[in-house]
Amino acid sequence: MGSAQTVLPLILDEVEVLAVDRLSPSFVRIELGGPAMADFGVDGPLYDQRIKLLFPGDDGRLPSFEGAQAGSWWDAWLALPEDERGHMRTYTVRDVRGEGEDTRLVVDFVLHLVDGATGPASTWASKAAIGDRVVVLAPRRGVAYGGIEFAPGNADRLLLVGDETAVPAISAILETLPVDAVGKAYLEIPGPQDILDVRAPAGVRVVWLPRHDAPYGDRLCRAVLTLFGIENGADDDVSVVDPDLWETPTYSSSGEPLDADGDASGGLYAWIAGEAGTVTRLRRHLVRDAGLDRRHVAFMGYWRLGVAMR
Ligand SMILES: Cc1cc2nc3c(=O)[nH]c(=O)nc-3n(C[C@H](O)[C@H](O)[C@H](O)COP(=O)(O)OP(=O)(O)OC[C@H]3O[C@@H](n4cnc5c(N)ncnc54)[C@H](O)[C@@H]3O)c2cc1C
């Protein structure tokens, strides 16, 4: 992929597994590195920086981006026969270690392996060994890439809410906040052993909510809605869910009008991510019943129960 590296405005290259650390029953931390990572970088804190990872297809091979050109690599990838495309999924940069050609992206993968509801990314992560390879799409230093949604502006209080897939993003955000930041973080995780070490400012209360056998999102909804004094909101039916739910001050997957002056000045800023049905439920109540200002919230469906990511 040598020629691609010099022309593309983003990193699109193979990286290798350099370390694997099983953090808990549901999380495995994987360090990904390779020469292309020397060019990794963003302008400012990473916060919830997302990246794409391409996992090998059923034949164990990764798609080739040899000769990819800026502006056409996506179409070229889509033009590949489906069984040669591998599997593209979205992940968060939990941390960056090393520098130069030794730069490594740290990614915390959720292992969802139960009841047959697993997918290529989770399965790959559960077996990953040093030397395994994936393709990464990530920001190239000095070039705008996007992919960071956390934008609290001048908010004076923060609310961070997520399930296990958002634990990497919320952890990275918490570790980057100023020491005088104030707020709450609610994290739903499969079980008590999945509580991870996270550094947070003294003024931010971190609440871990082990799910045990409860349905996805129940504990999270109850905790957050109780915070806003909303009763009985956790059980409501959300049969219509946009699996691509993404409502931020600058983008609306449902086509809602955006406020051109969107700016979280003062007050509360909320960042909410996780299973799309849970996020839909929270959005409904927080915007409708609690009156949260749309300009001060980001609601993001990170995955959808029963639906594989496209
Ligand atoms: C911006 C963004 C950042 C993300 N960051 C991370 C991250 O850092 N770490 C991380 O682990 N995930 C993260 N995710 C979520 C991850 O992309 C999805 O969970 C993805 O579906 C996993 O792909 P898969 O191949 O394992 O499963 P898929 O093939 O997409 O899905 C197969 C089946 O598994 C189910 N499924 C998918 N995810 C889960 C889950 N977590 N628990 C239970 N069932 C599930 C689906 O409902 C489906 O039935 C992020 C998503 C987004 C949009």
Side-chain angles (χ1 to χ4, degrees), residues 20-32 46-58 82 85-96 105-128 134-139 145-151 160-175 187-191 194 196 198 211 213-218 220 241-248 251 253 271-279 298-310:
V20 180
D21 184 6
R22 184 70 180 259
L23 300 178
S24 76
S26 307
F27 288 105
V28 62
R29 174 165 292 170
I30 297 182
E31 286 185 25
L32 299 168
L46 283 163
Y47 292 129
D48 54 339
Q49 177 72 60
R50 59 180 178 268
I51 53 171
K52 299 274 185 202
L53 295 175
L54 270 148
F55 301 91
D58 298 340
E82 204 164 327
R85 275 184 228 157
H87 304 281
M88 188 183 287
R89 299 288 184 268
T90 310
Y91 280 84
T92 304
V93 180
R94 172 64 181 86
D95 202 0
V96 180
L105 297 187
V106 179
V107 180
D108 287 355
F109 290 84
V110 175
L111 302 178
H112 56 96
L113 304 165
V114 282
D115 298 331
T118 189
S122 178
T123 304
W124 178 89
S126 71
K127 298 176 185 162
V134 291
V135 172
V136 68
L137 277 83
Y145 179 88
I148 296 176
E149 302 297 348
F150 182 74
L160 304 169
V161 177
D163 64 20
E164 57 268 43
T165 61
V167 164
I170 292 177
S171 305
I173 291 170
L174 287 172
E175 290 178 1
L187 299 155
E188 185 180 293
I189 36 153
D194 294 311
L196 304 180
V198 176
R211 182 181 306 123
D213 295 325
Y216 279 103
D218 254 32
L220 206 51
V241 175
D242 172 5
D244 301 319
L245 173 71
W246 208 265
E247 298 290 336
T248 71
Y251 179 83
S253 61
W271 182 106
I272 299 170
E275 197 279 320
T278 303
V279 177
F299 291 99
M300 293 152 295
Y302 268 21
W303 64 285
R304 175 67 180 128
L305 198 59
V307 180
M309 226 186 208
R310 281 160 294 158

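In listed order, ligands and their atoms are each counted from 1.
Heavy-atom contacts of S122 reach the following atoms of ligand 1: 26 (O) (cutoff under 4.0 Å). Within ligand 1, counting atoms from 1 as listed, the ones closer than 4.0 Å to a heavy atom of D108 are 7 (C), 8 (O), 9 (N), 10 (C), 11 (O). Contact atoms of ligand 1 toward R89: 23 (O), 24 (P), 25 (O), 28 (P), 29 (O), 30 (O) (distance under 4.0 Å to a heavy atom of the residue). Counting the atoms of ligand 1 from 1 in the order shown, those under 4.0 Å from a heavy atom of A121 are 23 (O), 24 (P), 25 (O), 26 (O). Proximity to P120 (heavy-atom distance under 4.0 Å) selects the following atoms of ligand 1: 25 (O), 29 (O). Atom numbering of ligand 1 starts at 1 in the shown order; those under 4.0 Å from a heavy atom of V110 are 10 (C), 11 (O), 41 (N). Per-residue contacts place F109 under 4.0 angstrom from the following atoms of ligand 1 (heavy atoms of the residue considered): 11 (O).
In this structure the side chain of V241 reaches within 4.5 angstrom of the side chain of R304, judged on heavy atoms. At least one side-chain heavy atom of L160 sits under 4.5 Å from a side-chain heavy atom of F150. Side-chain contact between L54 and L137 is present, with heavy atoms from C-beta onward closer than 4.5 Å. In this structure, D108 and V167 have side chains that are not in contact, with every pair of non-hydrogen atoms separated by 4.5 Å or more.
Counting only heavy atoms of the protein, atom 51 (C) of ligand 1 lies nearest to Y302 O, 3.3 Å. Residue, atom and distance of the protein heavy atom nearest to atom 32 (C) of ligand 1 are T118 O, 3.3 Å. Counting only heavy atoms of the protein, atom 31 (O) of ligand 1 lies nearest to A308 CA, 3.4 Å. Protein heavy atom nearest atom 41 (N) of ligand 1, with residue, atom name and distance: T165 CG2, 3.2 Å. Summary of contacts: the protein heavy atom closest to atom 19 (O) of ligand 1 is W303 CB, 3.7 Å.
Between the side chain of S24 and the backbone N or O of S26 there is at least one donor-acceptor pair closer than 3.5 Å. Under a 3.5 Å cut-off, the side chain of S253 and the backbone N or O of W246 do form a donor-acceptor pair. Remark: the backbone N or O of L220 is paired with a side-chain donor or acceptor of E188 at under 3.5 angstrom. Remark: the backbone N or O of I170 is not paired with any side-chain donor or acceptor of E175 at under 3.5 angstrom. The backbone N or O of E275 sits less than 3.5 Å from a side-chain atom of D163, completing a donor-acceptor pair. Side-chain N or O atoms of R50 include none that pairs as donor or acceptor with a backbone N or O of T90 at under 3.5 Å. Of the possible polar contacts, none joining the S122 side chain to the G119 backbone as a donor-acceptor pair under 3.5 Å is found. Of the possible donor and acceptor atoms, one in the side chain of H112 sits under 3.5 Å from a partner among the backbone N and O of A117. For the pair D48 (side chain) and E149 (backbone), a donor-acceptor distance under 3.5 Å is present.
The shortest N or O to N or O distance between G306 and ligand 1 is under 3.5 Å. The N/O atoms of H112, backbone and side chain alike, include one that comes under 3.5 Å of an N/O atom in ligand 1. At least one N or O atom of M309 sits closer than 3.5 Å to an N or O atom of ligand 1. In terms of polar-atom proximity, A117 is counted as a contact of ligand 1, with an N or O under 3.5 Å from an N or O of the ligand.
Between Y91 and F109, the ring-plane angle classifies as tilted under the 30° and 60° cut-offs.
Of the heavy atoms in R50, only side-chain atoms (C-beta onward) come closer than 4.0 Å to ligand 1. Only the backbone of L305 comes within 4.0 Å of ligand 1, judged by heavy-atom distances. Proximity of Y91 to ligand 1, defined as any heavy-atom pair under 4.0 Å, is shared by backbone and side chain alike. Only the side chain of Y216 comes within 4.0 Å of ligand 1, counting heavy atoms alone; its backbone N, CA, C and O stay farther away. At a heavy-atom distance under 4.0 Å, only side-chain atoms of P168, from C-beta outward, approach ligand 1. Contact annotation for R304 and ligand 1: only backbone heavy atoms (N, CA, C, O) come within less than 4.0 Å of the ligand. Residue-level proximity to ligand 1 for W124 is absent, since no heavy atom of it falls below 4.0 angstrom. Contact annotation: for V107 versus ligand 1, there are no heavy atoms closer than 4.0 Å. When heavy-atom distances to ligand 1 are checked against a 4.0 Å cut-off, D163 has no atom that comes that close, whether in backbone or side chain. Only the backbone of V307 comes within contact range of ligand 1, with a heavy atom under 4.0 Å; no side-chain atom does.
When ring centroids are compared, W271 and Y47 stay outside the 6.0 Å threshold.
Of the listed options I148, T92, D48, T92 places a heavy atom closest to atom 3 (C) of ligand 1.
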